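Shown next, in structure tokens, is the structure this report addresses.
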Amino acid sequence: MGENRKVQGALAEFSNPSEILHAAEKVRDAGFHEWDVHSPFPIHGMDDAMGERPSPLGWMVSIAALTGVTGGLAMQWWMNAVDYKLVIAGKALFSYQAFFPVTFAMGVLLSVVTAVFGMLWLNKLRYHHPVFSSDNFERSTDDAFFISILAEDKKFDPKKTPQFLEEIGGINVELLEDE
Amino acid sequence: MKVNTENPALVFEEKPLVLGDPDFNKVTTDICQISEMPIKKTPKWWWIAFTISGILAMNLLVMIGYLAWEGVGVWGVNIPVGWGWAIVNFVFWVGIGHAGTLISAVLFLFRQKWRTSINRFAEAMTIFAVICAGIFPGIHVGRIWVAYFMFPLPNQMSIWPNFRSPLLWDIFAVGTYFTASALFWYTGMIPDLAIYRDRATNKIKKTIFGILSLGWRGGNRQWKHYEVAYLLLAGISTPLVLSVHSVVSTDFATSIVPGWHSTIFPPYFVAGAIFSGFAMVMTLAILARAVLPALKNYITMDTLERMAKIMMVTGMMVGYAYSVEFFIAWYSGNIYERFAFVNRAFGPYWWAYWTMVSCNVIIPQLFWIRKLRRTIPVLFALSIFTNIGMWFERFVIVMSLHADFLPSSWDYYKPTWVDAWTFIGSFGLFLTLFLLFIRFLPIMAISEVKGVLPQASPHYYHDMPPAGKGAING
């Protein structure tokens, strides 16, 4: 441990989904905010245990779907009935029935793109993250369960927080430091 | 199903979804070892298969080049059959793709957990099938270099596409379908790519999978959004998969050709698409199990049997559509319609019609017998028959053109060698992509499989007496 290395957070391992679920409740009750539970698969009931609010993604996708539908219909109306009037078999220049399939496809297209990129944006993923400095953390995608508390949290203390993690049942507790 | 006597609350104990009672680590290593072996140790079967399909894919490029150079005259299409194998192959490949979306989206919404072992490669199959499908409308326009006229792009003629045309609906439907399938596939793969990143043995792999997994760290604050996104994608893809083949069917149904102008087409096409797609998933799953024995604990006999049942149901829907078409042709009193159907079954293309009926309706009836549904060679043979039968279904439909309203223009359509090699080449492209996929990417949704193991539930550890462990699989 070098002198000028900055402490970024603390990491503790838990042995199974049940233990980490109960540990998460304790971290939540202790009043931490900048922390997370890392698991190889989503654990049922973890959102409640962490006190997480529901994802706003559904609203984002609803807005995207409406935008796609409106934009898709407007595009066809403008292209075929306004900008270049296309007379096909003497039919009306604009009719929502004939333009429905493309309208639907545009709604779906925009929703899907929003669902995926909105999710990635909300996830705040980044290539370098304090948890990746731990070698043990490589098992988090395999069969290990971790709780990380970041130093950004106001309640974080380089001495007390690791102790706290041990008290709630954490093993292999370590401080996360700059590489 | 046997009665659980240890824990009366759980009356029935379901069979485990994954055999061999693996722990989380076993699941990771079982699946990862397939693609992690060094290039030098790549098995011989892979190289042989890759070489053959690679050559066939190259042959597809040559055929497309030849077509572009010479013009569509190198195909067998002419008046009255202006649509030949290109449209048959297009519908065939798009249809195959549908099973992947059905497995990943519809079965997800119905909470069919057995899908986890087959959804990843079924989705991959969808994407590769849609790529093959997209080639045919792209090249059958004749002047390939102006294929961009199909898109609503500003061009030198200051004219926009005709949005009343079902062919344009196809562009939007299939384009959206491809985008949605690719994003769905990739989203599902992010956590698994993170596994590959964490298991990487050298710096190159670590960097590649590090970028592909986008810094996934499996935090619950990510899983929260991820699960909502996955549910939304499944919810959006479900109407999408039903609409895509409906739109494809309008290519035919909005015309006035007897035998095509029919409202039964959209549901009939969707059922056929799912039928043919499941057949292709079955073919690939059985081959994959044969060459990769590690998969046998995941793609179990029960999974294959369930797929056989879906094939039987959709096969009978298709059979029902065939008979309703005949009934309506008679009931409508329309002489052209009536002629079209009698001509299908007993005219010059009788052999195609009866191949279709035998492969799609008669042979799948063997699936009523449980023992046959659980016999690998039978499943494999039946899946091949269905693949053939569904190709012929589209051929039969398109051949309605050969005898139209004017007897003097009737003709017998024959494909040329270019038609044949282009079609074979599309199989080459499909298999090349598929072989690359099973060699380098996670072939199974590892994190999803872990999620359906009994020990993934927090309740497993204290609420359950040991004997009742298997019970929460269902």
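Chain A is the first sequence line, chain B the second, and so forth, proteins listed ahead of strands; every chain is numbered from 1. None of the values given here were measured: they were computed from a predicted structure.
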For a side chain to side chain contact (heavy atoms under 4.5 Å, CB included) check, start with the C-alpha distance between B/Thr179 and A/Val108, then their side-chain angles and the critical distance, and finish with the verdict. CA-CA 10 Å; B/Thr179 315; A/Val108 167; over 6 Å; no

Any non-hydrogen side-chain atom of [X] less than 4.5 Å from a side-chain atom of [Y]?
| X | Y | answer |
| --- | --- | --- |
| B/Arg164 | A/Phe99 | yes |
| A/Met46 | B/Trp223 | no |
| A/Phe146 | B/Arg217 | no |

Is the shortest distance from a Lys or Arg side-chain nitrogen in A/Glu34 or B/Arg221 to a carboxylate oxygen in the other one below 4.0 Å?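 Salt bridge flag = no for B/Arg221 with A/Glu34.
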
Atom group of [X] that falls short of 4.5 Å from chain B, counting heavy atoms:
| X | value |
| --- | --- |
| A/Leu21 | side chain |
| A/Leu122 | both |
| A/Trp35 | both |
| A/Val131 | side chain |
| A/Met50 | side chain |
| A/Pro101 | side chain |
| A/Leu120 | side chain |

Distance-only polar pair, side chains of B/Asn220 and A/Asp47, donor-acceptor under 3.5 Å: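 Indeed, the side chains of B/Asn220 and A/Asp47 share at least one donor-acceptor pair under 3.5 Å.
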
Do A/Asn80 and B/Trp160 get their side chains close enough for a donor-acceptor pair, meaning under 3.5 Å?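 A/Asn80 vs B/Trp160: no donor-acceptor pair found between side chains.
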
Please flag which part of [X] lies under 4.5 Å from any non-hydrogen atom of chain A: side chain, backbone, both or neither.
| X | result |
| --- | --- |
| B/Gln222 | both |
| B/Ser181 | neither |
| B/Leu214 | both |
| B/Leu183 | both |
| B/Ile211 | both |
| B/Pro239 | both |

Is a donor on one side and an acceptor on the other found under 3.5 Å between the side chain of [X] and the backbone of [Y]?
| X | Y | result |
| --- | --- | --- |
| A/His44 | B/Pro458 | no |
| B/Lys224 | A/Arg53 | yes |
| B/Trp169 | A/Phe100 | no |

Return the minimal non-hydrogen interatomic distance between A/Phe104 and B/Ser243, and the atom names on each side.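 Nearest pair, atom of A/Phe104 first, then B/Ser243: CE2-OG, 3.2 Å.
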
Between B/Phe24 and A/Phe41, ring centroids under 6.0 Å: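 Yes, the ring of B/Phe24 comes within the 6.0 Å limit of the ring of A/Phe41, centre to centre.
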
Name, in order of residue number, those residues of residues 250-257 of chain B that have a heavy atom at a distance of less than 4.5 Å from a heavy atom in chain A; otherwise write 'none'.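 So no residue qualifies.
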
Look at atom NZ of B/Lys206 and say whether more than 12 heavy atoms of other residues, nucleotides or ligands are closer to it than 6.0 Å.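 Enclosed: over 12 neighbouring heavy atoms sit under 6.0 Å from NZ of B/Lys206.
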
What do the steps show when you test B/Leu233 against A/Val116 for side chain to side chain contact (heavy atoms under 4.5 Å, CB included), and what is the final call? CA-CA 8 Å; B/Leu233 287 175; A/Val116 173; 3.8 Å; yes

Verdict with supporting geometry, A/Tyr84 and B/Met157, side chain to side chain contact (heavy atoms under 4.5 Å, CB included): CA-CA 11 Å; A/Tyr84 190 107; B/Met157 300 181 298; over 6 Å; no

